[in-house]
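All values derive from a computational prediction rather than experimental measurement.
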Amino acid sequence: MAWRQILFGRRLVSACHPSHNQSLSSLASQFSRFFSSSAPYAVKVGIPEFLQGIGGGVETHVAKLETEIGDFSRLLVTRTLKLKKLGIPCKHRKLILKYTHKYRLGLWRPRAEPLKA
């Protein structure tokens, strides 16, 4: 509860130590610096953008997946046996399935620009 109040900029009232409130407010201002900018994400996500975001050589299967599966929403529910029948290697199937699961849960999205190595 206290962290929630710190994150949303509310002031905590403490009966124990008045200096405690000051330290929490300074902590909140320092803590907000870490979350000031967010990474740019691709607005429209299709099969090519999704596979480019995954990386690891998976982007070589863009043409095959677009012709056989067609739609990005269908890729999100595709199972491993379907990908195996398309001739996609095991390592690439694992990456595709891992990131489709993360995308469905809202934990991952492909970036707008590729990371600089």
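Using modelled atom types, one side-chain atom of Arg93 and one backbone atom of Ile88 make a donor-acceptor pair closer than 3.5 Å.
Pairing each heavy atom of Leu95 with each of Gly55, the nearest pair is CD1-O, 4.4 Å. The minimum heavy-atom distance between Thr100 and Leu97, with the atom names listed, is OG1-O, 2.9 Å. Among all heavy-atom pairs drawn from Pro110 and Gly53, the shortest one is CB-CA, 4.0 Å.
Remark: His61 NE2 to Ile54 CD1 distance equals 10.5 Å, nearest 0.5 Å. Distance check, rounded to the nearest 0.5 Å: NZ of Lys82 to CG of Leu65 gives 10.0 Å.
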Legend entry - Worked verdict on Ile96 versus Thr78 for side chain to side chain contact (heavy atoms under 4.5 Å, CB included): CA-CA 10 Å; Ile96 292 170; Thr78 302; over 6 Å; no
If you look only at distance, which donor and acceptor atoms sit under 3.5 Å apart when one is on a side chain in residues 66-77 and the other is two or more places apart or in another chain?
unit_1: Thr67; atom_1: OG1; unit_2: Ala63; atom_2: O; d: 3.1
unit_1: Thr67; atom_1: OG1; unit_2: Lys64; atom_2: O; d: 3.0
unit_1: Asp71; atom_1: OD2; unit_2: Ser73; atom_2: OG; d: 2.6
unit_1: Arg74; atom_1: NH1; unit_2: Ile69; atom_2: O; d: 3.1

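A heavy-atom distance below 4.5 Å is not found between the side chains of Tyr99 and Leu51.
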